[in-house]
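Heads up: the structure comes next, in structure tokens.
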Amino acid sequence: MKQYLELLQDILDHGVQKEDRTGTGTISVFGRQLRIDLQKGFPLLTTKKLHTKSIIHELLWFLSGNTNIRYLKEKGVTIWDEWADEEGNLGRVYGAQWRTWLGPNGQVVDQITNVIEQIRKNPDSRRHLVSAWNPAEVDGMALPPCHYAFQFYVANGRLSCLFNMRSIDTFLGLPFNLASYALLTHMMAEQCDLDVGDLIWTGGDVHIYTNHLEQVKLQLSREPFPLPKLVIKRKPESIFDYQFEDFDFEGYQSHPGIKAAIAI
Ligand SMILES: Nc1nc(=O)c2c([nH]1)NC[C@@H]1CN(c3ccc(C(=O)N[C@@H](CCC(=O)O)C(=O)O)cc3)CN21
Ligand SMILES: O=c1ccn([C@H]2C[C@H](O)[C@@H](COP(=O)(O)O)O2)c(=O)[nH]1
């Protein structure tokens with residue numbers, strides 16, 4: 001994850017001060033890309049301890065199509081609490097767009113099922129795309145999608161994934177997002193009988209909140225450990241049947257966690 005640490009340094013070196021919606025203040029750069037070879041290990045940060053439980057449950061929750069935080073709360077995951085209403089609803093965020101995109105004539109589009117079917121049947125297609133950015137529904141969401149679209153690509157028996165983010169909380173959010181899409185790529189690859197290839201991240205407004213600067217410097221002072229290996233213990237019937245217990249990050253060695261306030 002040298003690339004991630006280089007990105008933090010890049011923002012420190014080139015970022016401009018920018019006010020933001022949350023009133024916290026950021027330093028920000030515009031337009032960056034990271035490329036991670038998933039054959040070389042699982043991209044879980046080692047320069048601070050990451051809460052893998054939150055990452056796995058959030059992804060399973062997206063895949064289930066659910067947009068109420070009840071499931072997360074039951075699992076002890078609190079990362080979406082601040083954005084939910086009194087009933088726990090977030091509006092038609094990620095899960096709803098991935099699984100039940102609503103078409104003009106009342107049709108319901110399951111983008112995840114469709115993309116898997118297409119990867120299997122027509123691997124060379126250049127249309128393996130899932131979009132969470134639904135302009136007609138953005139106003140009803142607690143937070144418009146930050147990771148708004150992703151695309152798969154098959155070559156030499158390997159599945160690669162490119163995901164796009166419009167706005168990136170580089171210290172708190174991005175380590176979660178990288179691990180989440182890496183996990184999704186491994187699951188999709190297993191379901192399509194492919195190996196994993198590259199994970200490519202593209203970012204628009206890539207920022208560090210000004211109240212994360214000390215934490216960033218601490219992280220940059222640490223020496224990374226070797227990356228862990230993801231073990232998926234079984235191959236379920238479908239992408240929707242994975243359970244938390246199916247995943248193990250073998251050999252995950254990290255520096256201690258670093259506390260930071262989330263900008264709301
Ligand atoms: N400002 C901001 N940054 C984000 O990354 C973000 C949002 N807002 N809003 C929506 C979701 C929620 N996400 C979050 C929310 C909290 C943590 C966080 O506090 N992480 C702690 C551990 C918390 C835990 O897992 O229980 C960390 O140290 O990584 C991370 C991502 C990602 N997204
Ligand atoms: O998965 C996520 C979700 C959110 N973020 C960050 C990016 C921004 O710091 C905020 C969203 O604020 P906007 O004003 O809507 O851009 O949340 C993230 O990094 N990853």
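Bear in mind the structure is a predicted one, so any value in this text is a computation, not a measurement. In listed order, ligands and their atoms are each counted from 1. Index from 1, following the sequence. Any value given below was found using the heavy atoms of this structure, including those in side chains, with hydrogens, waters and symmetry copies removed.
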| message | Could you check whether atom CG of Asn156 has more than 12 heavy atoms from other residues, nucleotides or ligands sitting under 6.0 Å from it? | response | no
Do me a favour and list the nearest non-hydrogen protein atom to [atom] with residue, atom name and distance?
{"atom": "atom 16 (C) of ligand 1", "answer": "Ile262 CD1, 3.4 Å"}
{"atom": "atom 19 (O) of ligand 2", "answer": "Asp169 N, 2.9 Å"}
{"atom": "atom 4 (C) of ligand 2", "answer": "Cys146 SG, 3.0 Å"}

Return the orientation label for the [X] and [Y] ring planes: parallel under 30°, perpendicular over 60°, tilted otherwise.
{"X": "Tyr242", "Y": "Phe247", "value": "parallel"}
{"X": "Phe62", "Y": "Tyr94", "value": "tilted"}
{"X": "Trp80", "Y": "Trp61", "value": "tilted"}

Check whether any side-chain heavy atom of [X] lies under 4.5 Å from a side-chain heavy atom of [Y], and answer yes or no.
{"X": "Leu184", "Y": "Phe150", "value": "yes"}
{"X": "Phe30", "Y": "Lys18", "value": "no"}
{"X": "Met188", "Y": "Ile116", "value": "yes"}

Distance filter under 4.0 Å to [X] heavy atoms, resulting ligand 2 atoms:
{"X": "His147", "answer": "1 (O)"}
{"X": "Arg166", "answer": "13 (P), 15 (O), 16 (O)"}
{"X": "Tyr209", "answer": "8 (C), 9 (O), 10 (C)"}
{"X": "Asn177", "answer": "1 (O), 2 (C), 18 (C), 19 (O), 20 (N)"}
{"X": "Arg21", "answer": "11 (C), 12 (O), 13 (P), 14 (O), 15 (O)"}
{"X": "His207", "answer": "7 (C), 8 (C), 9 (O)"}

| query | Where on Ser167 is there a heavy atom closer than 4.0 Å to ligand 2, on the side chain, on the backbone, on both, or on neither? | reply | both
From [options] - option closest to [atom] by heavy atom:
{"atom": "atom 22 (C) of ligand 1", "options": "Phe171, Tyr209, Phe176, Trp83", "answer": "Phe176"}
{"atom": "atom 21 (C) of ligand 1", "options": "Val77, Thr22, Asp20, Leu172", "answer": "Leu172"}
{"atom": "atom 3 (N) of ligand 1", "options": "Ile55, Asp169, Leu45", "answer": "Asp169"}
{"atom": "atom 15 (C) of ligand 1", "options": "Ile79, Thr170, Asn177", "answer": "Ile79"}

Close-contact set for ligand 1 against [X] heavy atoms, below 4.0 Å:
{"X": "Ser54", "value": "24 (C), 25 (O), 26 (O)"}
{"X": "Gly173", "value": "5 (O)"}
{"X": "Ala263", "value": "1 (N), 2 (C), 8 (N)"}
{"X": "Leu143", "value": "9 (N), 10 (C)"}
{"X": "His51", "value": "24 (C), 25 (O), 26 (O)"}

| About how many Å separate CE of Met1 and CG of Leu5, when rounded to the nearest 0.5 Å? | 8.0 Å
| task | Apply side chain to side chain contact (heavy atoms under 4.5 Å, CB included) to Leu45 and Ser254, showing your working. | result | CA-CA 7 Å; Leu45 264 201; Ser254 73; over 6 Å; no
| field | Leu50 backbone acceptor or donor facing Tyr252 side chain under 3.5 Å | value | yes
| Could you go step by step and tell me if Asp81 and Thr78 meet the side-chain hydrogen bond (donor to acceptor under 3.5 Å, both in side chains) rule? | CA-CA 5 Å; Asp81 287 9; Thr78 57; 4.9 Å; no
| task | Might you check, step by step, whether the distance between atom 33 (N) of ligand 1 and some protein heavy atom is under 4.0 Å? | result | no
| query | Is atom 7 (C) of ligand 1 in close reach of the protein, with a heavy atom under 4.0 Å away? | reply | yes
| Ion pair check, Asp193 and Lys235, cut-off under 4.0 Å | yes
| message | Trp80 versus ligand 1: do any nitrogen or oxygen atoms come within less than 3.5 Å of each other? | response | no
| Does the ring centre of His57 sit less than 6.0 Å away from the ring centre of Tyr71? | yes
